[in-house]
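Hydrogens, waters and symmetry mates are skipped; everything else that's a heavy atom, side chains included, is used. The chain is numbered in sequence order, starting from 1. Note that ligands are numbered from 1 as they come in the structure, with each ligand's atoms numbered from 1 the same way.
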Amino acid sequence: MKKTILVTGGAGFIGSHVVRRLVNRYPEYTIINYDKLTYAGNLENLSDVDQKPNYIFVKGDILDGDKLKEVFSQYTISGVIHLAAESHVDRSLHNPDEFAITNVIGTIRLLQAAKNAWNGNWEGKRFYHISTDEVYGSVEHGKFFTEETPIDPQSPYSSSKASSDHFVKAYGNSYKMPVVISRCSNNYGPNHFPEKLIPLMIHNILQKKPLPVYGKGENVRDWLFVEDHAAAIDTIFHKGKTGEVYNIGGNNEWKNIDLVYFLCKLMDSKLKRSEGESAKLITFVTDRPGHDLRYAIDATKLMTQLGWRPSVTFEQGLEKTVDWYLSNQEWLNHVTSGAYQQYYQNMYHNR
Ligand code: NAD
Ligand code: TYD
């Protein structure tokens with residue numbers, strides 16, 4: 001069946017994998033990538049699909065109601081997959097209002113544009129909001145986030161995402177807009193901007209620069225390969241029940257310090273360095289304020305009700321990721337030139 005889907009934030013890390021998957025798997029669909037191209041948005045991420053006839057790029061801000069109106073009137077959009085956001089916790093600590101504006105107000109503008117365009121004709125429509133497990137806050141060892149876990153965000157980033165979740169639910173409840181929400185654990189994989197843990201460590205290992213581990217490296221994250229997240233989004237978009245929330249995760253918890261050692265070992269072998277060489281670069285630095293200790297997702301609902309499963313183990317996914325960075329050093333050079341240097345200096349100089 002023909003469909004036109006508006007994907008916001010499609011030039012970012014996860015969004016680009018979602019766009020690629022939809023463009024390749026559904027040639028009968030039209031996929032519109034609506035992205036402002038902030039520091040995190042990069043059209044190079046989509047160079048392998050940008051010539052396909054079912055792909056359209058629109059440079060636009062989710063805060064720009066007029067532009068959204070124009071796109072909704074130009075195309076017959078029946079589905080929205082909303083990924084555009086400010087996504088980095090450390091940046092949110094320095095600039096919380098930017099997170100509230102983009103993630104909360106931006107989401108409301110997008111909801112409103114869809115509501116105006118669909119005008120109560122909800123048949124065949126879907127507004128899918130991509131959220132994060134971070135809205136649940138931190139969870140003690142032995143427990144897991146389920147869809148019933150109360151929202152308890154702890155950082156400006158997660159607070160802005162939690163607030164946007166509430167607005168999406170409110171549009172579902174108040175106006176009967178057919179909404180669905182998913183909350184995923186930490187992603188890793190190709191095209192990940194090197195401000196986040198795994199790509200930052202890969203970049204610094206390559207450059208033989210210090211590997212900044214916050215605090216004692218005791219914090220736990222639950223890692224999922226980005227293509228598995230894109231597959232889960234595809235599944236939920238097509239099969240998820242309206243009004244529901246789905247957790248997405250691969251049951252793959254790692255303490256930061258263990259993960260960094262593991263990555264160092266893998267990269268030593270790929271780079272033909274002697275074992276232990278990269279680990280010597282590990283440097284413990286001042287912790288992130290209010291640093292959530294542990295995230296751990298229970299994705300049973302998605303697995304049992306919709307049949308999704310991760311396709312790779314962490315070992316396989318991490319090797320694919322490292323191989324991608326090693327063969328795409330040009331990409332890494334592009335995204336780390338210019339403004340990145342200033343960012344790195346500001347964020348890490350006094351840690
Ligand atoms: P990212 O920072 O890599 O990409 C964000 C994209 O949004 C960029 O392309 C950027 O240009 C675009 N964007 C930002 N502000 C915009 C605006 N005002 N208008 C239009 N486009 C704008 O983020 P990501 O890691 O790919 O995350 C995507 C989504 O998934 C986010 O909503 C995030 O909260 C969520 N999420 C991320 C993770 C993770 O581990 N990275 C995990 C769970 C959920
Ligand atoms: P990050 O990739 O920023 O994701 P999030 O904070 O959204 O989980 O960080 C993952 C973990 O790695 C988190 O516990 C913070 C830690 N971390 C470091 O120790 N050093 C770093 O340089 C970065 C960026 C993160």
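Salt-bridge formation is not detected for the pair Glu134/Arg183: no Lys NZ or Arg NE/NH1/NH2 atom is positioned less than 4.0 Å from an Asp or Glu carboxylate oxygen. Comment: Lys59 does not engage Asp35 in a salt bridge, judged by the lack of any side-chain N to carboxylate O separation of less than 4.0 angstrom. A salt bridge does not link Glu28 to Lys3: none of the charged side-chain nitrogens sits closer than 4.0 Å to a carboxylate oxygen. Between Arg294 and Glu253, at least one side-chain N (NZ, or NE/NH1/NH2) sits under 4.0 Å from a carboxylate O, which counts as a salt bridge.
Under 4.0 Å from ligand 1, not a single heavy atom of Glu134 appears. Contact annotation for Asn187 and ligand 1: heavy atoms of both the backbone and the side chain come within less than 4.0 Å of the ligand. Counting heavy atoms under 4.0 Å from ligand 1, residue Thr8 does not touch it at all. The residue Tyr188 has no part lying near ligand 1, judged by heavy-atom distances below 4.0 Å.
Of the residues Arg21, His229, Lys239, the one that meets the side-chain hydrogen bond (donor to acceptor under 3.5 Å, both in side chains) test with Asp234 is Arg21.
Taking each of His192, Arg109, Lys36 in turn, the one with a heavy atom nearest to atom 20 (C) of ligand 1 proves to be Lys36. Among Ser158, Ser87, Ser131, Gly106, the residue whose heavy atom lies closest to atom 2 (O) of ligand 1 is Ser87.
Judged as a ring-ring contact (aromatic ring centres under 6.0 Å, His included), and not counting sequence neighbours, Phe284 has no contacts.
Protein residues having at least one heavy atom under 4.0 Å from any atom of ligand 2 are His88, Val89, Glu134, Asn186, Glu195, Lys196, Leu197, Leu200, Pro212, Val213, Tyr214, Asn219, Arg221, Asn256, Arg288, His291, Tyr295, Tyr348, listed by chain and number.
For Tyr175 and Trp122, the ring centers are positioned 6.0 Å apart or more. Less than 6.0 angstrom separates the ring centroid of Tyr39 from the ring centroid of Phe193.
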